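Data first, discussion second: the structure below is written as structure tokens.
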Number of protein chains: 2
Amino acid sequence: MQKYVQLLKQNKIKITPQRLQIIQFLDTHHTHPTAEDTYKTLKKNNPALSRTTVYNSLETLRKHHIIQELTISGNEHCYDFKQGSHHHFLCRTCGLILDIDIKCPNQDRLLHNGHHIEEVHGYFKGLCKNCANKQKNKKVKP
Amino acid sequence: MQKYVQLLKQNKIKITPQRLQIIQFLDTHHTHPTAEDTYKTLKKNNPALSRTTVYNSLETLRKHHIIQELTISGNEHCYDFKQGSHHHFLCRTCGLILDIDIKCPNQDRLLHNGHHIEEVHGYFKGLCKNCANKQKNKKVKP
DNA sequence: TATTAAATTGTAATGATTACAAATTAGTAA
DNA sequence: TTACTAATTTGTAATCATTACAATTTAATA
Ligand SMILES: [Mn+2]
Ligand SMILES: [Mn+2]
Ligand SMILES: [Zn+2]
Ligand SMILES: [Zn+2]
């Protein structure tokens with residue numbers, strides 16, 4: 001927990017229990033949760049928590065590059081505490097989002113034709129192993 | 001226009017004026033418009049057009065891989081008639097979305113750890129050349 | 001311990017997208 | 001050509017994620 005306090009201090013933003021809880025949640029659940037996922041989970045142990053606080057905090061943490069915001073699904077933002085840019089896979093069937101640890105020569109690009117690159121996102125979308133197997137079984141045994 | 005008719009025929013979906021207009025719009029405006037952009041523009045020449053039709057048509061065209069759906073902005077879908085997977089740049093300041101034609105070794109991946117990859121999206125987010133210059137001028141001449 | 005700017009909270013508003021049912025139409029076959 | 005039917009289009013209402021806002025609370029500082 002102390003490491004999260006340090007993280008906020010380094011970024012000169014106020015240390016609040018809500019922010020600490022949100023960072024801790026993201027650090028211990030590498031499932032790329034949405035704001036709503038985060039809210040629902042933390043609300044259990046902190047019934048006074050407001051949904052707005054979760055949205056505000058995630059935005060603040062993002063602006064300070066403490067967390068990353070993914071736009072892989074297209075209808076909701078997902079958040080990721082993992083440091084360093086990495087690729088992701090989204091299963092269109094079950095919604096699973098996985099880290100994909102592959103090397104990419106464009107991962108660290110900072111400039112392209114005069115445009116300043118601040119973030120690089122590599123998204124793969126398709127059918128996960130699990131869902132693919134389920135579909136296969138259905139076809140074989142109808 | 002005949003080429004759009006062929007495209008729909010090949011995909012065995014009904015040829016409607018709305019679908020033809022939508023494809024034509026995307027084919028002649030490579031600005032990655034949203035559903036709303038498309039609706040507003042086409043509504044001018046076809047006041048009877050429904051927003052729902054635009055959403056439905058874009059979804060149908062996407063399912064048949066006639067157009068691509070981008071999730072780069074995070075709060076709205078953008079559409080792209082351009083064939084073949086290619087990378088994109090989003091300016092966080094002005095909203096501009098550009099094609100980035102670079103080679104990527106992961107562009108044509110079909111499988112990763114048993115997961116079936118159907119789409120590859122490479123998104124760069126940052127500040128475009130134009131907006132960067134504007135910011136620079138502001139600092140120099142306040 | 002008092003002060004104050006920043007953060008949190010709850011509610012209302014917004015914006016994108018989807019659901020739905022009635023009306024229309026494209027494709028097909030007589 | 002005409003009649004039929006399933007697919008499509010339309011308009012409206014509903015939903016879902018996110019943001020705006022004002023009142024209340026709190027973390028940081030002196
Ligand atoms: Mn990740
Ligand atoms: Mn493009
Ligand atoms: Zn899956
Ligand atoms: Zn710009």
Side-chain angles (χ1 to χ4, degrees), chain A residues 1-2 4-23 32-43 45-64 66-67 69-79 92 95 97, chain B residues 1 4-23 25 32-43 45-64 66-67 69-79 92 95 97:
Chain A
M1 207 59 165
Q2 192 52 34
Y4 306 137
V5 173
Q6 287 311 315
L7 205 49
L8 296 179
K9 263 188 192 157
Q10 284 161 27
N11 283 276
K12 299 194 206 319
I13 56 178
K14 280 195 182 173
I15 294 150
T16 70
Q18 292 87 344
R19 286 175 179 169
L20 292 172
Q21 286 161 23
I22 290 169
I23 299 178
H32 311 92
T34 64
E36 188 67 19
D37 292 337
T38 306
Y39 171 70
K40 285 228 181 87
T41 303
L42 297 180
K43 183 89 175 170
N45 289 314
N46 176 7
L49 182 66
S50 165
R51 186 177 273 112
T52 302
T53 299
V54 175
Y55 276 94
N56 286 343
S57 298
L58 289 170
E59 174 63 8
T60 299
L61 297 173
R62 183 195 70 75
K63 277 200 294 208
H64 288 270
I66 295 171
I67 61 174
E69 185 177 71
L70 309 183
T71 61
I72 192 167
S73 94
N75 64 333
E76 58 199 354
H77 292 152
C78 298
Y79 296 92
R92 273 260 159 73
I97 298 175
Chain B
M1 205 62 163
Y4 307 137
V5 173
Q6 288 310 316
L7 206 49
L8 296 179
K9 265 189 191 157
Q10 283 160 28
N11 283 275
K12 297 193 209 318
I13 55 179
K14 281 194 180 171
I15 296 150
T16 69
Q18 293 86 346
R19 285 175 181 168
L20 292 173
Q21 286 162 22
I22 290 169
I23 299 178
F25 174 68
H32 311 93
T34 63
E36 188 66 18
D37 293 337
T38 306
Y39 170 70
K40 285 227 181 87
T41 303
L42 297 181
K43 183 88 174 169
N45 289 313
N46 176 8
L49 181 66
S50 165
R51 186 177 272 112
T52 304
T53 299
V54 175
Y55 277 94
N56 287 343
S57 299
L58 289 170
E59 173 63 8
T60 299
L61 297 173
R62 184 196 69 75
K63 278 200 293 207
H64 289 269
I66 295 171
I67 61 174
E69 185 178 71
L70 308 184
T71 61
I72 193 169
S73 94
N75 65 333
E76 57 198 354
H77 291 152
C78 298
Y79 296 91
R92 273 262 160 71
I97 298 175

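Throughout, a chain's letter reflects where its sequence line sits, starting with A, and its residues are numbered from 1. Owing to the predicted nature of the structure, the values given are computational and were not obtained by experimental measurement. Because only heavy atoms are used, hydrogens play no part in the values below, and waters and symmetry mates are left out as well, while side chains stay in.
- The residue A/Pro47 sits apart from the nucleic acid: no heavy atom pair falls under 4.0 Å.
- Annotation: B/Lys9, atom NZ; neighbour count of heavy atoms from other residues, nucleotides and ligands within 6.0 Å does not exceed 12.
- Regarding contacts with the backbone of D/dT8, every side-chain N or O of B/Ser57 stays at 4.0 angstrom or more from both OP1 and OP2.
- Using a 4.0 Å heavy-atom cutoff across all strands shown, B/Thr53 reaches at least one base atom of the nucleic acid.
- In this structure, B/Leu49 places its CG atom 9 Å from P of D/dT9, rounding to the nearest Å.
- In this structure, B/Asn45 and B/Gln21 have side chains that are not in contact, with every pair of non-hydrogen atoms separated by 4.5 Å or more.
- One atom, CG of A/Leu20, and another, P of D/dT26, lie 15 Å apart when rounded to the nearest Å.
- B/His64 has its NE2 atom 12 Å from the C1' atom of D/dA7, to the nearest Å.
- Donor-acceptor pairing under 3.5 Å is recorded for the side chains of B/Thr34 and B/Asp37.
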**Complete:** Contact string for nucleotides 12-24 of chain C, one letter per nucleotide 5' to 3', B = base within protein heavy-atom range under 4.0 Å, S = sugar-phosphate only, - = neither, reads ----SBBBB----
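- Between the CG atom of A/Asn11 and the P atom of D/dA28 there is a distance of 14 Å, given to the nearest Å.
- Test A/Arg62, A/His32, A/Glu69 against A/Tyr79 for side-chain hydrogen bond (donor to acceptor under 3.5 Å, both in side chains) and you get one pass: A/Glu69.
- With rounding to whole Å, B/Lys12 atom NZ is found 13 Å from C/dG27 atom P.
- In this structure, the side chains of B/Leu70 and B/His77 stay at 4.5 Å or more apart for every pair of heavy atoms.
- Looking at heavy atoms from C-beta onward, B/Ile67 lies out of side-chain contact with B/Ile22 at the 4.5 angstrom threshold.
- For A/Thr16, counting side-chain heavy atoms from C-beta on, the closest listed nucleotide (C/dT8, D/dT9, D/dA28) is C/dT8.
- We find that CD1 of A/Ile22 is positioned 8 Å from P of C/dT8, with the value rounded to whole Å.
- Between D/dT10 and B/Gln18, a contact under 4.0 Å exists linking OP1 or OP2 to a side-chain N or O.
- Of the candidate nucleotides D/dT8, D/dT10, C/dA5, C/dA5 has the atom nearest to the side chain of A/Lys14.
- Spacing between atom CD1 of A/Ile15 and atom P of C/dA6 amounts to 16 Å, rounded to whole angstrom units.
- At a threshold of 4.5 Å between non-hydrogen side-chain atoms, the residues B/Asn11 and B/Thr60 do not count as touching.
- Residue A/Asn46 contributes atom CG, which lies 11 Å from atom C1' of C/dT8 at whole-angstrom precision.
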